[in-house]
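We're numbering straight along the sequence, starting at 1. Any value given below was found using the heavy atoms of this structure, including those in side chains, with hydrogens, waters and symmetry copies removed.
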Amino acid sequence: MKNDLKSGAVDLLFNSILQLKNTDECYEFFEDLCTVHEIQSLAQRLEVAKLLKDKETYAAIAAKTGASTATISRVNRSLAYGNDSYTMIFDRLGEETNDK
């Protein structure tokens with residue numbers, strides 16, 4: 001993680017998110033914390049990552065999500081050179097789905 005991201009305020013944010021117990025609490029917290037556009041932008045990036053992992057083309061992803069090619073490219077760079085957090089989350093979501 002980049003040192004310029006790590007701070008007490010960011011730790012508070014992340015620890016607060018870890019306290020949320022279900023999707024309803026997430027909706028409530030994020031609606032208070034973020035604008036609708038900010039939440040939608042985060043959700044869009046996650047959806048783009050999923051589609052990239054599923055080997056969709058940039059054109060198909062742009063059509064499905066409305067994301068710009070710049071956003072798709074940035075997410076793709078994170079998938080290729082990032083911390084593998086998208087993969088970790090998708091694996092955990094898959095495990096959660098398989099456990100039900």
When rounded to the nearest 0.5 angstrom, what distance separates CD in Glu28 from CG in Asn22? 8.0 Å
Test salt bridge (Lys or Arg N to Asp or Glu O under 4.0 Å) applied to Asp11 - qualifying residues, sequence neighbours left out: Lys6
Between CD1 on residue Ile61 and OG1 on residue Thr71, distance to nearest 0.5 Å: 11.5 Å
Any side-chain heavy-atom pair from Leu51 and Ile72 closer than 4.5 angstrom? no
Atom CD of Glu38 and atom CG of Leu33: how far apart are they, to the nearest 0.5 Å? 8.0 Å
Heavy-atom pair of closest approach, residues Glu25 and Gln19: OE1-O, 4.1 Å
Please step through side chain to side chain contact (heavy atoms under 4.5 Å, CB included) for the pair Val75 and Tyr86, ending with a clear verdict. CA-CA 9 Å; Val75 172; Tyr86 284 118; 4.1 Å; yes
Are Tyr27 and Ile39 close enough that some pair of their side-chain heavy atoms sits under 4.5 Å apart? no
Could you measure the distance from the SG atom of Cys34 to the CZ atom of Phe29? Nearest 0.5 Å is fine. 8.0 Å
Counting C-beta onward and ignoring hydrogens, is there a side-chain heavy-atom pair between Leu46 and Phe90 closer than 4.5 Å? yes
Rounded to the nearest 0.5 Å, what's the gap from NE2 on His37 to CG on Leu42? Could you check? 9.5 Å
Would you check if there is a donor-acceptor pair between the side chains of Ser78 and Arg74 at a distance under 3.5 Å? yes
Taking Leu5 as the starting point, is it possible to reach Leu18 by hopping between hydrophobic residues whose side chains are less than 4.5 Å apart? no
ILVMFWY cluster, Met88 and Leu52 together (side-chain gap under 4.5 Å): yes
Side-chain contact, heavy-atom cut-off 4.5 Å: Leu20 with Phe30? yes
Derivation of the side-chain hydrogen bond (donor to acceptor under 3.5 Å, both in side chains) call for Ser73 and Arg77: CA-CA 6 Å; Ser73 179; Arg77 266 192 315 277; 3.2 Å; yes
